[in-house]
Amino acid sequence: MARNVGRIFSGFRCSGSLPFGKTQLKTRCPRLLLRTTPERTVVQALSSIFSHKSRDFSLPNSSWGEEMMRLYNHYSSQSGEAAEGQEDQGEQWTRLPSYNRSLKYATGGVYLSKIIQSKARLFTRNIRDTGAAFEYVLFFRRDKQRCVCIFQAGHLLEGPPGHVHGGAIATMIDTVTGTHASLLSAPVMTANLNINYRSPIPLGSTVLVESTMDKEEGKKTFLSCRVTSTDGSKLHTEAAALFVSINVSHLLRG
Ligand SMILES: CCCCCCCCCCCCCCCC(=O)SCCNC(=O)CCNC(=O)[C@H](O)C(C)(C)COP(=O)(O)OP(=O)(O)OC[C@H]1O[C@@H](n2cnc3c(N)ncnc32)[C@H](O)[C@@H]1OP(=O)(O)O
């Protein structure tokens, strides 16, 4: 069993089904060496391991409002794929795809997803009614060590009347900083999340969730996060997060 699980992990790591940092990708997945940046490698690996039937939830749908679409177009227009072999300076935004099953389509993932849970779905991506809960897309920019998320909060996320629940805001902060930390430091888990809620977020509105890497110390990655109105004039929430790098086997220990 342990040996099987070990084999699965090595396939799993190469599959890119979870985000991994530069070092691990280069040492464990020589076939991926042609790619130019860690995030591009992860994006390409993620796209290729998911079947064509898997829905990429970070693409626009009919529930996206005008502001969400405007910002999506704004960041998309500043993103692009470097040609093979061309050196990427990381000066562009990279849109990160997002699927609701991170395990099933990975190499050995069918087996792993049974060990973990065959019905498992990514928490933020399991509502069938589009627009009802978490609508979001993340972009990453390597040269600035920043991640930005455009988030439209649906009616199922109500906390105080007409406004977004603090737990839903925490979820988005965890998601954005967690994805950012994963891109920088391989598989990670949240160790600490400290949040200050400054002003309520109206339900249905679109906000920006921005993550910045503060420092890395061994296994630890420290990030800060701000949730603001889309023009940046209003601060809704600010947070500090600590992520600790783990081995994938950490997830099986319970
Ligand atoms: C292309 C990309 C698309 C990606 C698409 C993929 C899917 C899309 C992903 C969406 C992204 C969602 C992201 C959700 C992320 C979660 O929500 S994770 C779930 C919530 N977190 C948990 O359940 C974690 C539970 N805790 C644990 O498992 C363990 O305590 C931890 C955090 C892994 C640390 O354990 P450990 O590895 O044994 O670490 P340990 O050696 O004890 O400590 C290491 C260091 O961290 C420090 N530390 C540990 N815990 C703490 C703490 N709480 N406070 C302060 N310091 C701490 C220690 O003091 C130590 O420091 P040093 O002595 O090295 O200076």
Side-chain angles (χ1 to χ4, degrees), residues 12-22 24-25 29 32 35 37-50 54-59 79 81 90 93-106 109 112-113 116-117 120-126 133-134 136-142 145-149 151 167-195 209 211 213-225 239-254:
F12 189 61
R13 280 163 182 263
C14 274
S15 75
S17 60
L18 284 174
F20 294 104
K22 199 175 196 165
Q24 275 176 307
L25 277 170
C29 308
L32 296 179
R35 315 295 190 217
T37 63
E39 70 277 9
R40 181 150 294 142
T41 306
V42 171
V43 170
Q44 286 169 342
L46 268 176
S47 306
S48 65
I49 56 152
F50 283 88
S54 309
R55 177 178 159 207
D56 180 352
F57 284 78
S58 73
L59 291 171
S79 68
E81 299 292 321
W93 292 97
T94 303
R95 183 186 65 84
L96 303 177
S98 175
Y99 305 96
N100 70 356
R101 302 196 71 176
S102 22
L103 281 179
K104 187 182 171 195
Y105 302 101
L112 250 189
S113 69
I116 294 181
Q117 256 202 27
R121 297 287 185 281
L122 184 62
F123 172 41
T124 49
R125 297 301 198 187
N126 63 13
F134 301 96
Y136 64 93
V137 51
L138 274 84
F139 290 86
F140 176 67
R141 192 163 154 157
R142 184 166 55 90
Q145 295 291 357
R146 272 180 64 206
C147 237
V148 61
C149 168
F151 167 44
I169 300 168
T171 295
M172 284 312 299
I173 292 171
D174 196 22
T175 298
V176 176
T177 51
T179 302
H180 190 181
S182 300
L183 287 167
L184 301 170
S185 313
V188 292
M189 286 188 93
T190 322
N192 184 270
L193 189 55
N194 198 312
I195 300 179
V209 186
S211 161
M213 203 268 279
D214 294 333
K215 61 176 173 176
E216 286 176 301
E217 265 174 20
K219 285 166 66 181
K220 298 185 288 187
T221 306
F222 296 85
L223 302 106
S224 1
C225 187
L242 166 62
F243 289 84
V244 173
S245 299
I246 55 156
N247 261 320
V248 180
S249 56
H250 187 79
L251 299 174
L252 295 180
R253 282 184 218 140

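Quantities reported herein were computed from a predicted structural model and do not represent experimental measurements. In listed order, ligands and their atoms are each counted from 1.
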Worksheet item: When the ring planes of Phe140 and His180 are compared, do they come out parallel, tilted or perpendicular, using 30° and 60° as the limits?
Response: perpendicular

Lys/Arg cation over aromatic Phe57: Arg55, 6.0 Å, 45° cone = yes

Flag for Ser185-Thr221: side-chain donor and acceptor within less than 3.5 Å:
yes

| message | Can you tell me if Glu217 contacts ligand 1 (heavy atom of the residue under 4.0 Å from the ligand)? | response | no

Next item on the list: Please answer whether the main-chain N or O of Leu96 pairs with a side-chain N or O of Ser58 as donor and acceptor at a distance below 3.5 Å.
Entry: yes

Are any of the N/O atoms on His250, whether in the backbone or the side chain, positioned under 3.5 angstrom from an N/O atom of ligand 1? yes

Heavy-atom proximity to atom 38 (O) of ligand 1, picking from Lys219, Met189, Met172, Arg125, points to Lys219

Logged contact type for Val244 with ligand 1, heavy-atom cut-off 4.0 Å, is side chain

Sorted by chain and residue number, the salt bridge (charged side-chain N to carboxylate O under 4.0 Å, His left out) partners of Lys219 (sequence neighbours excluded) come out as none

Short version for Asp174: what comes under 4.0 Å of ligand 1, heavy atoms counted, is both

Those residues at least two apart in sequence (or on a different chain) that pass salt bridge (charged side-chain N to carboxylate O under 4.0 Å, His left out) with Asp56 are Arg95

I want to know if ligand 1 touches Thr175 in the polar sense, i.e. an N/O pair below 3.5 angstrom.
no

For Ile246, the atoms of ligand 1 under 4.0 Å from one of its heavy atoms are 33 (C)

In terms of its nearest heavy atom to atom 55 (C) of ligand 1, the top option of Asn192, Leu242, Asn247, Asn194 is Leu242

